[in-house]
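Have a look at the structure below before the remarks.
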Amino acid sequence: MIAGHLLELFAAAQGEGVLAGTPMRFFRLSGCKVGCRFCDTRRSWPVSQTGLLRGSGEGMDEGAEPFPNPVSVGQVLAWAESFPETAWASLTGGEPLEQPDFALVLAQGLKSMGLKVYLETAGLHPAALRKLLPHLDFISMDWKLPSSSGLPSAEGSHRAFLKAMKGLPGQVKAVASSTTPPEEVEAAARAVSELRADLPFILQPMTEDPPRTAPLVAAASRWLEDVRVLGQAPRLTAPARAL
C-alpha cells in the first residue's frame, strides 16, 4: 500500500474557522515549500523521517510514540481507529497536497471508516485537489496576503484552486497583520466573490502582530456577505485509547 511522510497524529478540537471547537482526528503531513512568515508549525516544513503518535494531543510529548517515515496508509488507518471517536478527520500540514497520492489514499481510507474529511491547505495546488475532491467534505483554503505571509501574490493559483473546488463546502481564510492594507483584502474578497461567493471569508488576525480589523472587514464586505473575524483558538486535546 502507498506510504508517505507524516509528522504527527492526534485528537483535538479544531482551532480555526467556522468549525472551531469541532472534535477531529488530525493527520499532520510533513513537507511544505510555501514558507509563510506567520506559520506556527514550521517544524512541519521539512519532510520528516520520524513521526509522533501523540496520546495527549498536538505539541504534547508525554506518552508520544515515535515511528519511522515513510509510513503506510494501512498503518495510519489502524492508528486512527485507536483514537477517540469523532465525526471528522483533518488532513493538515505542512501542505497535504504536496503528497497528493498519499493524501488521496488516506482520504479514501478515512471515508471508508465513515469519517468526514476536512482538508487544510494553502490553496496552491488545483491539480492535486481535483484528485482528492470526491473524497473531501470541507476545504479550508488559505488566501496568502503578501503583507502578512511575506510571499509574492499567489492570486492566479488561488483563483485556479477556487475553480477546482467546484461546489464543495469550505471557507477562505486570510491571515492579516498590522501592515495589511484594506486594498489587499478587498482584492482577495473580490476574487472570491467572482468564483465562490457562497464561502465564508475568514479574517484571522496574526497573533504576534494583529491588525485593526474594522477597515479590513469593511473592505471585504464590499464584495462578500459572509465576512468574519476569527482568531486562532487553542486545540483542546483528548487522550487516545490504549494502543
Side-chain angles (χ1 to χ4, degrees), residues 1-32 39-45 48 50-99 102-121 132 135-142 169-171 173 202 204 207 230-243:
M1 181 175 283
I2 191 168
H5 289 79
L6 198 66
L7 184 64
E8 59 186 350
L9 289 79
F10 59 95
Q14 175 59 245
E16 298 180 346
V18 298
L19 293 181
T22 303
M24 296 188 183
R25 278 167 264 193
F26 287 84
F27 304 80
R28 187 181 298 285
L29 282 68
S30 67
C32 182
C39 182
D40 61 358
T41 51
R42 296 190 179 200
R43 58 196 167 84
S44 70
W45 290 5
S48 175
T50 304
L52 284 176
L53 181 63
R54 298 190 182 279
S56 15
E58 181 187 31
M60 299 182 185
D61 290 327
E62 182 180 355
E65 297 183 17
F67 58 85
N69 277 316
V71 62
S72 73
V73 170
Q75 178 61 78
V76 175
L77 295 175
W79 285 330
E81 291 277 12
S82 73
F83 275 75
E85 291 185 6
T86 63
W88 286 89
S90 172
L91 301 183
T92 185
E95 172 51 68
L97 296 183
E98 288 184 13
Q99 296 187 69
F102 181 57
L104 170 61
V105 178
L106 182 54
Q108 290 172 327
L110 293 169
K111 290 292 286 185
S112 71
M113 291 169 57
L115 293 165
K116 297 178 182 178
V117 179
Y118 178 113
L119 174 68
E120 186 172 358
T121 175
L132 268 73
H135 312 288
L136 300 176
D137 296 280
F138 190 94
I139 298 174
S140 180
M141 171 201 165
D142 283 359
Q171 64 190 14
K173 176 168 62 70
I202 311 297
Q204 183 170 303
T207 304
L230 295 173
Q232 187 178 45
R235 288 192 173 109
L236 302 176
T237 60
R241 295 195 294 269
L243 301 176

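Quick caveat, the model's predicted, so the values are computed rather than measured.
- H5 has its side chain out of reach of S48: every pair of non-hydrogen atoms, C-beta onward, lies at least 4.5 Å apart.
- Q171 places a side-chain N or O within 3.5 Å of a backbone atom of V18 that can act as its donor or acceptor partner.
- Taken to the nearest 0.5 Å, the CZ atom of F10 stands 13.5 Å off from the CZ atom of R25.
- Of the possible donor and acceptor atoms, none in the side chain of T86 sits under 3.5 Å from a partner among the backbone N and O of M24.
- What you find for F67 and L53 is that their closest heavy atoms are CE2-N, 3.7 Å.
- No more than 12 heavy atoms of other residues, nucleotides or ligands sit less than 6.0 Å from atom NZ of K116.
- Shortest non-hydrogen contact noted between L6 and L29 is CD1-CD1, 3.8 Å.
- Within the 4.5 Å cutoff, side-chain heavy atoms of L77 are placed close to those of L110.
- With a 4.5 Å cut-off on side-chain heavy atoms, R28 and L9 do not count as touching.
- The two residues Q14 and L19 have their closest heavy-atom pair at CB-O, 3.5 Å.
- Residues passing the ring pair (Phe, Tyr, Trp, His ring centres under 6.0 Å) test with Y118 are F138, sequence neighbours excluded.
- At least one side-chain heavy atom of C39 sits less than 4.5 Å from a side-chain heavy atom of W45.
- Atom NE2 of H135 sits about 14.5 Å away from atom CG of L115, to the nearest 0.5 Å.
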Next on the checklist: Run the salt bridge (charged side-chain N to carboxylate O under 4.0 Å, His left out) test on R43 and E8 for me, step by step, so that the C-alpha distance in whole Å, both residues' side-chain angles and the decisive distance to 0.1 Å come before the verdict.
Outcome noted: CA-CA 11 Å; R43 58 196 167 84; E8 59 186 350; 3.2 Å; yes

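- With 3.5 Å as the limit, one finds no donor-acceptor pair spanning the side chains of S90 and E120.
- Summarising the geometry of E16 relative to Q204, their closest heavy-atom pair is OE2-NE2, 3.5 Å, with the distance given to 0.1 Å.
- Checked by atom type and distance alone, the side chain of T41 never pairs as donor or acceptor with a backbone atom of S44 at under 3.5 Å.
- In this structure, CZ in R42 is found 11.0 Å from SG in C32, a value given to the nearest 0.5 Å.
- Put simply, the side chain of L132 does not reach to within 4.5 Å of the side chain of V117, judged on heavy atoms.
- Annotation: side chain of L106 is in contact with side chain of V76 (closest heavy-atom distance under 4.5 Å).
- The distance from atom OG of S140 to atom CG of L91, rounded to the nearest 0.5 Å, is 12.0 Å.
- When every heavy atom of N69 is checked against every heavy atom of G4, the shortest pair comes out as OD1-O, 3.5 Å.
- A distance of 11.0 Å separates NZ in K173 from CE in M141, rounded to the nearest 0.5 Å.
- Here the straight-line distance linking atom CZ of F26 with atom CG of L7 works out to 14.0 Å at 0.5 Å rounding.
- In terms of heavy-atom proximity, P70 sits nearest to A3 at CB-CB, 3.9 Å.
- Between T92 and L119 the shortest side-chain heavy-atom distance does not fall below 4.5 Å.
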